[in-house]
Amino acid sequence: MSDNHVTTTLAEGVLTLRMNRLDKKNALTQAMYTAMAEAIESATNNTEVRVVLITGDASCFCAGNDLVDFMNSPATPGGTPVERFMKALSAFEKPVVASVCGIAVGIGVTMLLHCDLVYCGEKTKLNMPFVSLGICPEFASSYVLPRLMGHVRAAELLMLGEAFTAETALQYGLVNAVLPNDQVEAKAQEKAKHLASLAPKAMRITKMLLKKWSNATSAEAIDFEAGYFIPMLKQPEAIESITAFMQKRKPDYSKLA
Ligand code: COA
């Protein structure tokens with residue numbers, strides 16, 4: 001494992017991938033994306049891995065991309081660690097389960113759209129504050145979200161960028177079930193182990209069939225969104241938004257057109 005903020009454990013066919021940078025609310029660095037990408041890539045041909053489970057801890061799933069990393073090493077097209085991770089996740093042929101508690105922001109929500117089963121703690125706050133950061137949706141979320149929940153709900157989540165509850169996530173079809181925080185990971189592990197005990201080839205073919213009809217558009221959406229997202233990171237709206245976050249103040253867009 002190439003990063004100590006991500007740990008992996010394999011038990012009963014379930015590879016648990018745990019984000020563990022709690023002092024920064026599991027904000028994802030380039031090294032963490034690389035570690036997670038490597039774990040998923042190597043799970044592909046490891047017959048001992050039947051299922052991947054992604055989690056943080058009972059207080060925090062993921063506060064999104066590390067905003068300091070965004071400023072210091074903005075993404076460039078092709079081959080960035082986040083792209084490697086998200087493409088590995090969305091192409092992974094085996095089931096992926098997520099156990100989500102506390103906070104899920106930005107890519108912490110986007111990655112859930114590429115998982116198969118999602119269990120969520122009842123106190124979880126989810127948020128996709130892309131516009132509030134002067135950037136736009138990425139990794140096919142602008143394609144998947146309206147299909148999942150309809151345009152007006154997706155617009156509400158993506159345009160207002162306000163935090164929403166686990167109950168809303170359940171109602172909108174983003175998660176399978178909402179449980180007390182201290183029971184979420186146990187439920188996710190139980191479901192992951194059940195998946196891992198089932199016929200592996202039938203499982204892979206079922207997942208392939210579920211995704212087959214949207215795969216090409218999803219891949220097209222990822223590239224199309226990146227064509228906007230990557231340049232936007234270097235523009236004044238994102239710079240002001242991220243600087244304001246780091247300086248713990250409200251952003252000021254009054255001079256921007
Ligand atoms: N990138 C970098 N650092 C982050 C971070 C991020 N995405 N999210 C949280 N942190 C850091 C904070 O700066 C803070 O660091 P400090 O202790 O050195 O000041 C620490 O994590 C704790 O965060 P804090 O804001 O004090 O916790 P909170 O519980 O009050 O709020 C959040 C949690 C997630 C709501 C809030 O931190 C937040 O809005 N983070 C930004 C989320 C975001 O915009 N992500 C990118 C989406 S694309």
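Remember, it's 1-based here, ligands and their atoms both numbered in the order they're listed. Atoms considered below: every heavy atom in the structure, side chains included; atoms not considered: hydrogens, waters and symmetry mates.
- Ligand-side atoms of ligand 1 in range of K248: 19 (O), range being under 4.0 angstrom from any heavy atom.
- If you check which protein heavy atom lies closest to atom 44 (O) of ligand 1, you get L133 CD1, 3.5 Å.
- From the protein, the heavy atom lying nearest to atom 39 (O) of ligand 1 is F245 CE1, 4.0 Å.
- A single hydrophobic cluster is seen to contain both L145 and F130, as judged by linkage of ILVMFWY side chains at heavy-atom distances under 4.5 Å, directly or through other members.
- Heavy atoms from both the backbone and the side chain of D66 come within less than 4.0 Å of ligand 1.
- Salt bridge status for E93 with K211: absent, with no side-chain N to carboxylate O gap under 4.0 Å.
- When only non-hydrogen protein atoms are considered, atom 33 (C) of ligand 1 lies nearest to I103 CD1, 3.8 Å.
- Both F92 and M32 are part of a single hydrophobic cluster, where members link through side-chain heavy atoms under 4.5 Å apart.
- Under 4.0 Å is where a charged nitrogen must lie from a carboxylate oxygen, and between D66 and R21 at least one such pair does.
- Residue pairs meeting the ring pair (Phe, Tyr, Trp, His ring centres under 6.0 Å) criterion with at least one partner in residues 178-224, sequence neighbours excluded, are F224-Y228.
- The closest non-hydrogen atom to atom 27 (O) of ligand 1, taken over R21, M71, K25, K24, comes from K25.
- Any N or O atom pair closer than 3.5 Å counts here, and L67 shares at least one such pair with ligand 1.
- Residues F61 and Y119 fall into different hydrophobic clusters, defined by Ile, Leu, Val, Met, Phe, Trp and Tyr side chains chained together at heavy-atom separations under 4.5 Å.
- There is no protein heavy atom less than 4.0 angstrom from atom 31 (O) of ligand 1.
- Below 4.0 Å from some heavy atom of G106 lie the following atoms of ligand 1, by number and element: 47 (C).
- The heavy atom nearest to atom 34 (C) of ligand 1, considering only P129, A63, P137, is found in A63.
- Note that the CG atom of N127 and the OG1 atom of T124 stand 13.0 Å from one another [nearest 0.5 Å].
- Atom 47 (C) of ligand 1 is flagged as protein-proximal [any protein heavy atom, distance under 4.0 Å].
- If you look at A27 next to ligand 1, the close heavy atoms, those under 4.0 Å, all belong to the side chain.
- Here the straight-line distance linking atom NE2 of H5 with atom CG of L22 works out to 9.0 Å at 0.5 Å rounding.
- Using a 4.5 Å cut-off between side-chain heavy atoms of Ile, Leu, Val, Met, Phe, Trp and Tyr, with links allowed through other members, V184 and L112 fall into different hydrophobic clusters.
- Residues F139 and L157 fall within the same hydrophobic cluster, defined by Ile, Leu, Val, Met, Phe, Trp and Tyr side chains chained together at heavy-atom separations under 4.5 Å.
- For atom 5 (C) of ligand 1, the nearest protein heavy atom lies under 4.0 Å away.
- There is no protein heavy atom less than 4.0 angstrom from atom 25 (O) of ligand 1.
- Applying the 4.0 Å criterion to heavy atoms of D23 picks out, from ligand 1, the atoms 20 (C), 21 (O), 22 (C).
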